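Accompanying notes for the structure given below.
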Amino acid sequence: MHKNLKIFNSLSRKIELFEPLNTPNVGLYVCGPTVYGDPHLGHARPAITFDILYRYLQHLGYKVRYIRNITDVGHLENDADEGEDKIAKKARLEQLEPMEVVQYYTDRYHEFMKLLNVKSPSIEPRASGHIIEQLGIVEKILEKGYAYESNGSVYFDVEKYNKEHKYGVLSGRVLEDLYSSTRDLEGQSEKKNSFDFALWKKASPTHIMRWPSKYSDGFPGWHLECTAMSARYLGETFDIHGGGMDLLFPHHECEIAQSVIAHGHGPAKYWMHNNMITINGQKMGKSLGNFITLEEFFTGKHQLLKQAWTPMTIRFFILQAHYRSTVDFSNEALEAAGKGLKRLMEGMAQIEKIKAGKNDQFNVEEWSDKCFEALNDDLNTPVLIAHLFDAVKAINSAVAGKIEMSENSVKQLHDLFRLLVVEILGLETETAAEETSETLSGVMDLVLNIRQQAKMNKDWATADKIRDELLAMGIVVKDGKEGATWEVK
RNA sequence: GGUCGGUUGGCCGAGUGGCUAGGCAACGGUCUGCAAAACCGUCUACGGCGGUUCGAAUCCGCCACCGACCUCCA
């Protein structure tokens with residue numbers, strides 16, 4: 001019923017109505033991590049952004065096949081495709097088999113994604129497991145004459161491609177500009193032009209990750225894996241291709257070129273790109289060395305961090321900004337996010353305590369429409385969150401007896417709030433209180449009863465002592481009109 | 001240098017040609033034995049200069065500053 005999701009398509013640079021190629025099925029492909037280092041805050045952004053999309057599409061009733069790859073080969077370290085494979089390098093440094101490195105960081109990635117409550121994709125293919133498919137595409141492109149062999153490597157001929165097709169449709173690049181801007185990289189290259197990109201790279205004698213092919217013992221070029229794996233699992237044309245904005249050029253541009261030649265058309269109907277997380281106004285990234293890993297956030301062990309932040313605070317922090325805007329990290333921003341999240345989650349819990357009345361001073365339907373409108377508007381989570389806070393205000397007022405809500409409204413609000421917060425935004429209560437044992441709650445009832453007695457006897461010393469010492473143990477006592485409640489901090 | 005994007009109140013962050021999100025912080029009040037929580041209220045911003053318009057933070061132009069991409073990056 002709310003099926004008028006609109007998304008910003010990087011290809012047209014416009015907001016478009018989302019219409020699947022083959023309703024109710026939706027194919028979604030997102031570029032995953034290169035597993036050669038611990039996941040940092042920047043990795044959390046696309047994971048969470050597309051997690052929201054995945055969850056929301058499912059909520060809308062689509063059957064979604066979500067592919068997020070693991071890049072474990074062929075990602076070259078230096079410019080001009082002349083560098084050393086990232087994973088192989090790390091492996092040599094640490095005296096490990098490359099696949100050990102891959103396994104370790106893949107596990108780490110999964111571990112942290114799980115903490116962030118990011119759902120697993122339907123399929124998580126590895127580049128190294130699809131060498132045959134990639135070689136198949138190399139073959140096709142060679143056959144069609146848009147690639148050339150050079151010293152055992154195969155390169156895509158961008159200049160030739162650009163004559164019949166437009167290179168740069170996604171990024172807005174013009175080939176002529178690339179001649180000048182990349183001029184100084186030429187020289188010892190095997191490539192005809194510096195902007196040609198590798199489809200297959202011959203491995204140097206010391207290179208450990210290698211596969212046989214008729215061109216050479218080598219490994220596939222970076223852009224090829226996504227073309228091969230998306231085609232294999234989603235078909236040659238699918239609905240949405242996503243990734244970070246930094247992948248827009250050259251990675252996604254090259255994917256389109258490869259696909260156009262190999263399959264006769266671009267891979268995806270919609271392209272979506274999330275913006276970067278910045279730190280002091282600069283992109284947080286590996287190359288700048290200004291990144292903070294997720295583990296550091298969760299433990300607080302980083303010189304720039306004032307304290308540890310919970311996974312849900314990180315998630316909420318990211319969702320408070322629109323995915324196409326940059327979001328600037330700071331302790332203050334995280335602190336504000338953490339407190340806001342607490343208010344939101346407590347508000348959700350308070351719904352249970354509303355005593356339904358006769359009048360209805362909160363229009364749930366109108367509110368609900370606004371919430372879905374925000375989601376439909378290119379996944380505008382910050383606006384959705386603003387609406388959620390409006391509801392929190394109403395909930396608190398209702399609990400305080402300042403406004404009335406009908407029984408039906410309370411029920412609707414309860415269900416909708418949970419749907420939006422838990423199912424779609426993927427926010428969960430993190431307090432240990434969730435796992436409160438019967439024993440503890442029994443003990444707490446007793447303790448609070450004794451305190452209540454003390455209060456009635458105006459024995460403030462005892463009452464305060466109980467409150468203060470519970471606080472020291474991490475249990476917050478909240479006095480209310482109907483007696484005290486408590487929660488584990 | 002080229003291409004693209006941004007500049008919003010103390011901070012973070014939405015947004016729209018007129019009805020002026022939200023969170024955090026701050027201040028005042030209600031409640032409370034005190035406090036916390038909660039509630040109510042206050043704080044009215046859109047880089048600069050021009051232009052279009054009855055009306056612009058929102059559209060156009062110029063300028064300034066910041067950033068992304070052009071090499072690996074989410």
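In this text, all values refer to a predicted model and were calculated from it rather than measured experimentally. Labels below follow one simple rule: chain letters A, B, ... track the order of the sequence lines, proteins then strands, and each chain is numbered from 1.
With sequence neighbours left out, the side-chain hydrogen bond (donor to acceptor under 3.5 Å, both in side chains) criterion links Asn380(A) to no other residue. Glu346(A) meets the salt bridge (charged side-chain N to carboxylate O under 4.0 Å, His left out) test with Lys342(A), Lys478(A); sequence neighbours excluded. Every residue two or more places apart in sequence or in another chain that forms a side-chain hydrogen bond (donor to acceptor under 3.5 Å, both in side chains) with Tyr233(A) is listed here: His130(A). By the side-chain hydrogen bond (donor to acceptor under 3.5 Å, both in side chains) test, Ser171(A) pairs with Glu253(A), sequence neighbours left out.
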Parsed dot-bracket for RNA chain B after applying the Watson-Crick and G-U rules with both distances under 3.5 Å and | for other-strand partners is (((((((..(((.....[...))).(((((.......)))))....(((((..]....))))))))))))....

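Atom CD of Glu225(A) and atom P of A74(B) are 12 Å apart (whole Å). Counting to the nearest Å, the P atom of G23(B) and the CZ atom of Arg315(A) are 21 Å from each other. Atom CG in Asn275(A) sits roughly 18 Å away from atom P in C66(B) (whole-Å rounding).
Residue pairs meeting the side chain to side chain donor-acceptor pair (under 3.5 Å) criterion with at least one partner in residues 38-49 of chain A, sequence neighbours excluded, are Asp38(A)-Arg108(A). Among residue pairs with one or both ends in residues 453-472 of chain A, none qualify as ring pair (Phe, Tyr, Trp, His ring centres under 6.0 Å); sequence neighbours excluded. Within the structure, every pair that satisfies the salt bridge (charged side-chain N to carboxylate O under 4.0 Å, His left out) test and touches residues 373-386 of chain A, not counting sequence neighbours, is listed here: Arg324(A)-Asp378(A).
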The contact string for nucleotides 8-15 of chain B, one letter per nucleotide 5' to 3', using protein heavy atoms under 4.0 Å with B, S and - for base, sugar-phosphate only and none, comes out as ----SSSS

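Side chains of Thr326(A) and Asp328(A): a donor-acceptor N/O pair is absent below 3.5 angstrom, by distance only.
For the pair Ser171(A) and Pro46(A), both in contact range of RNA chain B, the more 5′-proximal nearest nucleotide belongs to Ser171(A).
Remark: Asn457(A) CG is packed, more than 12 non-hydrogen atoms of other residues, nucleotides or ligands lying under 6.0 Å away.
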When you compare the protein's N or O atoms with those of nucleotides 41-47 of chain B, which come within less than 3.5 Å of each other, and at what distance?
none

Can you check nucleotides 33-37 of chain B for protein contacts, nitrogen or oxygen pairs under 3.5 Å, and list what you find?
unit_1, atom_1, unit_2, atom_2, d
G33(B), N1, Asp464(A), OD1, 2.9
G33(B), N2, Asp464(A), OD2, 2.8
C34(B), O2, Arg467(A), NH2, 3.1
C34(B), N3, Arg467(A), NH1, 2.9
C34(B), N3, Arg467(A), NH2, 3.2
C34(B), N4, Arg467(A), NH1, 3.1
C34(B), N4, Asp479(A), OD2, 3.4
A35(B), N6, Asp479(A), OD2, 2.8
A35(B), N1, Arg467(A), NH1, 3.2
A35(B), N1, Asp479(A), OD2, 3.4
A35(B), N3, Arg467(A), NH1, 3.0
A36(B), N1, Asp479(A), O, 2.7

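The side-chain heavy atoms of Met272(A) and Tyr323(A), taken from C-beta on, include a pair separated by under 4.5 Å.
Taking a cutoff of 4.0 Å between a charged side-chain nitrogen and a carboxylate oxygen, Asp390(A) and Lys393(A) do not qualify as a salt bridge.
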For residues 306-317 of chain A, run the donor-acceptor check on the side chains, cut-off 3.5 Å, and write out each pair with its distance to 0.1 Å, sequence neighbours left out.
unit_1, atom_1, unit_2, atom_2, d
Lys306(A), NZ, Glu335(A), OE1, 3.1
Trp309(A), NE1, Gln307(A), O, 3.2
Thr310(A), OG1, Thr313(A), N, 3.2
Thr310(A), OG1, Thr313(A), OG1, 2.9
Thr310(A), OG1, Glu430(A), OE1, 2.6
Arg315(A), NE, Leu425(A), O, 2.8
Arg315(A), NE, Gly426(A), O, 3.3
Arg315(A), NH1, Asp51(A), OD2, 3.2
Arg315(A), NH1, Leu116(A), O, 2.8
Arg315(A), NH1, Asn117(A), O, 3.0
Arg315(A), NH2, Asp51(A), OD2, 2.8
Arg315(A), NH2, Leu425(A), O, 2.9

